[in-house]
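Here the structure comes first, spelled out in structure tokens, and everything after it is commentary.
Only this structure's heavy atoms are used, side chains among them; waters, hydrogens and symmetry mates stay out.
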There are 2 protein chains.
Amino acid sequence: MNIDRNSAIVNMNTREKILETAERLFAERGFEATSLRHITTEAGVNLAAVNYHFGSKEGLLREVLKNRIVPMNESRQILLEKSRFQSQDGVVSLERIYEAFLRPFFNIGAPGGDSNGLFLRMLGRISSEKPGFMKGLYQEHFKEIQELFVAAIGEAQPELSREEIHWKFHFALSLMLGSMIQRQRLKFSSNGYCDPDDIEGLIQHLIEFICAGFRSAGQPKSNFKFAGIQP
Amino acid sequence: MNIDRNSAIVNMNTREKILETAERLFAERGFEATSLRHITTEAGVNLAAVNYHFGSKEGLLREVLKNRIVPMNESRQILLEKSRFQSQDGVVSLERIYEAFLRPFFNIGAPGGDSNGLFLRMLGRISSEKPGFMKGLYQEHFKEIQELFVAAIGEAQPELSREEIHWKFHFALSLMLGSMIQRQRLKFSSNGYCDPDDIEGLIQHLIEFICAGFRSAGQPKSNFKFAGIQP
DNA sequence: ACTTATTTTAAACGTTTGTTTCAATAAAAA
DNA sequence: TTTTTATTGAAACAAACGTTTAAAATAAGT
């Protein structure tokens, strides 16, 4: 039983041991690639315990995600309210809005932040592996917080149409997840110019990039002449 | 044998039948979720034919990807050169650069464009499922074209440092793949404001968003005061 | 102490997976 | 034609998967 790397696991009950180990393995190897036998062996519990406590492998995944997503979204809401309170007229700047949205996202997983970003990579993986599952997850955990932040963005950038806000919000979210999924790539594609492990730098660059994207929407589309070239 | 939906498949040899069917199934269901038996049954060939012609399942994937990526990157290069030729001083605008980079990306898969974006979703999936595999793919197929476009961007935005260019380029690429992976999400999260099937709209919004991100990098980071709040 | 409910255990279930084997067939070279 | 090479075919391989079962062990309630 290789549980030495986290000796605190011995003081947990079976359910907690499974949750702890599953989260780590799901993040490291993905959902499909992680077998229940791998989880239960590493957690030092019986194979059948997963189905007993969580019903199925997918039920386990649901619980693992819930335990991270709920506190993350609570943090987001608190940070946004705090920024609103600190502002003069109740209107929060785009930078503050996305700082409130991003920091709990990257702080997920560990108190000092999940510097490996494994959990976020898993989230991105699942959204491509199991779209139906992700839809349920959205309805349950993300719909509310999204409406909150979309409203805040609408106040910060009143000239944006609802359609444009949703496009940009979609882009920002896709970029957040995509940049975590693709983070490995940055290691060997930036020729050493960028450090993928510099999470603080990543956050700052992301905020800058995203806010610029939101502010670019003033001009109507017809102003931009496309080449219209076809490959 | 269900090959009716593409009756042209009967005029192909075994190798081509496998490639054709594998590409479609990989795109629809992902690499791991597609079994060789599914492919060979649908293609109407023997199970062992895959290992005979491609060595392994991964060899088949490599060939499927190669057949799409190589023409895509050729298109990109041609479009960039054309834009450079049409420009006055040889310096291409950011919009033209990313149009040359984006259009062949979304035109992948079918003559009229893979409107379902299944191939691109698969590409994003694989980059999260098999990082090691993706690294080899980058060295073989993407390194060269990236250097070409990074150089063009450097000419269009000379004030950008190499570090900033690589960050932004990484963001743009992550956004491209991420927005395809997450495209399903847009359906139910935009409250009907956005149409995820409007590829032309997606391209235009993407170009606008990305170019704004590139132009935002003038101001040094210290000019931007972060709240420094911790959740 | 006795009964009931909860949890853990070992074993097996039925499928599915990618790959290999080797004989049969088709195509090409001599 | 004969010989060699390339391709196809049916079958089996060994390994891995999530799930279920039913008995044993522990805990809780009375």
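- Using a cut-off of 4.0 Å between Lys/Arg side-chain N and Asp/Glu carboxylate O, A:E58 and A:R62 are scored as salt-bridged.
- Between the P atom of C:dT7 and the CG atom of A:N13 lies a distance of 9 Å, rounded to the nearest Å.
- Listed by chain and residue number, nothing satisfies the salt bridge (Lys or Arg N to Asp or Glu O under 4.0 Å) test with B:K57 (two or more places apart in sequence, or in another chain).
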Pair pattern of DNA chain C in dot-bracket, where unpaired bases get dots and | marks partners in another strand, Watson-Crick or G-U under 3.5 angstrom: .||||||||||||||||||||||||||||.

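- Rounding to whole angstrom units, CZ of residue A:R37 and C1' of C:dC13 are separated by 11 Å.
- With sequence neighbours left out, A:K143 forms a salt bridge (Lys or Arg N to Asp or Glu O under 4.0 Å) with A:E147.
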Between protein and nucleic acid, restricted to nucleotides 23-29 of chain C and to nitrogen or oxygen atoms under 3.5 Å apart, what atom pairs and distances do you find?
none

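- Residue A:T34 is in sugar-phosphate contact alone, with no base atom involved, counting any heavy-atom pair closer than 4.0 Å across all strands shown.
- Atom CD1 in B:I18 sits roughly 14 Å away from atom C1' in C:dG18 (whole-Å rounding).
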Can you check nucleotides 4-7 of chain D for protein contacts, nitrogen or oxygen pairs under 3.5 Å, and list what you find?
unit_1	atom_1	unit_2	atom_2	d
D:dT7	OP2	B:Y52	OH	2.9
D:dT7	O5'	B:Y52	OH	3.3

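- In this entry the distance linking CZ of A:R29 with P of D:dA16 reads 13 Å, nearest Å.
- The existence of a salt bridge linking B:E23 and B:R68 is confirmed by a sub-4.0 Å separation between a basic side-chain nitrogen and an acidic carboxylate oxygen.
- Remark: A:R103 engages A:E200 in a salt bridge, criterion side-chain N to carboxylate O under 4.0 Å.
- A straight line from CD of B:E32 to C1' of D:dC17 spans 13 Å, rounded to a whole angstrom.
- Between B:Q139 and B:M134, every side-chain heavy-atom pair lies at or beyond the 4.5 Å cut-off.
- Residues B:E42 and B:R37 are not paired through a salt bridge, judged by the lack of any N-O separation under 4.0 Å between the basic side chain and the carboxylate.
- In this structure, B:L36 places its CG atom 19 Å from P of D:dA11, rounding to the nearest Å.
- Listed in residue order, the members of residues 56-65 of chain A having a heavy atom less than 4.0 Å from DNA chain D are A:S56, A:K57.
- Listed by first and then second residue, the ring-ring contact (aromatic ring centres under 6.0 Å, His included) pairs that reach into residues 49-68 of chain A come to none, sequence neighbours excluded.
- Counting only heavy atoms from C-beta outward, the side chains of B:F26 and B:T21 never approach each other to under 4.5 Å.
- For B:F105, there are no ring-ring contact (aromatic ring centres under 6.0 Å, His included) partners, not counting sequence neighbours.
- Scored by the side chain to side chain donor-acceptor pair (under 3.5 Å) test, A:S174 finds no partners at all (sequence neighbours excluded).
- The pair A:E32-A:R125 fails the salt-bridge criterion, with no side-chain N (NZ, NE, NH1 or NH2) lying under 4.0 Å from an Asp/Glu carboxylate O.
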Base-contact (B) and sugar-phosphate-only (S) positions in nucleotides 20-26 of chain D, heavy-atom cut-off under 4.0 Å, - elsewhere: BB-----

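- B:F101 is listed as a side-chain neighbour of B:F169, based on a closest heavy-atom distance under 4.5 Å.
- For the pair A:H38 NE2 and D:dA16 P, the interatomic distance rounds to 12 Å; values are reported in whole Å.
- For C:dT16, the OP1/OP2 oxygens have no side-chain nitrogen or oxygen of B:S35 closer than 4.0 Å.
- Closest contact between the side chain of B:N46 and the listed nucleotides D:dG18, D:dG9, C:dA10 involves D:dG9.
- In this entry the distance linking CD1 of B:I39 with P of C:dT16 reads 16 Å, nearest Å.
- Between A:Y98 and A:F214, the ring centre distance stays below 6.0 Å.
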Under 3.5 Å, which donor-acceptor pairs link side chains of residues 184-196 of chain A to any protein atom two or more places apart or in another chain?
unit_1	atom_1	unit_2	atom_2	d
A:R185	NH1	A:S189	OG	3.2
A:R185	NH2	B:H170	ND1	3.0
A:S189	OG	A:R185	O	3.1
A:S190	OG	A:L186	O	3.0
A:S190	OG	A:C194	N	3.3
A:D195	OD1	A:D197	N	3.1

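- For the side chain to side chain donor-acceptor pair (under 3.5 Å) test, residues two or more places apart in sequence or in another chain that qualify with A:R15 are A:E63.
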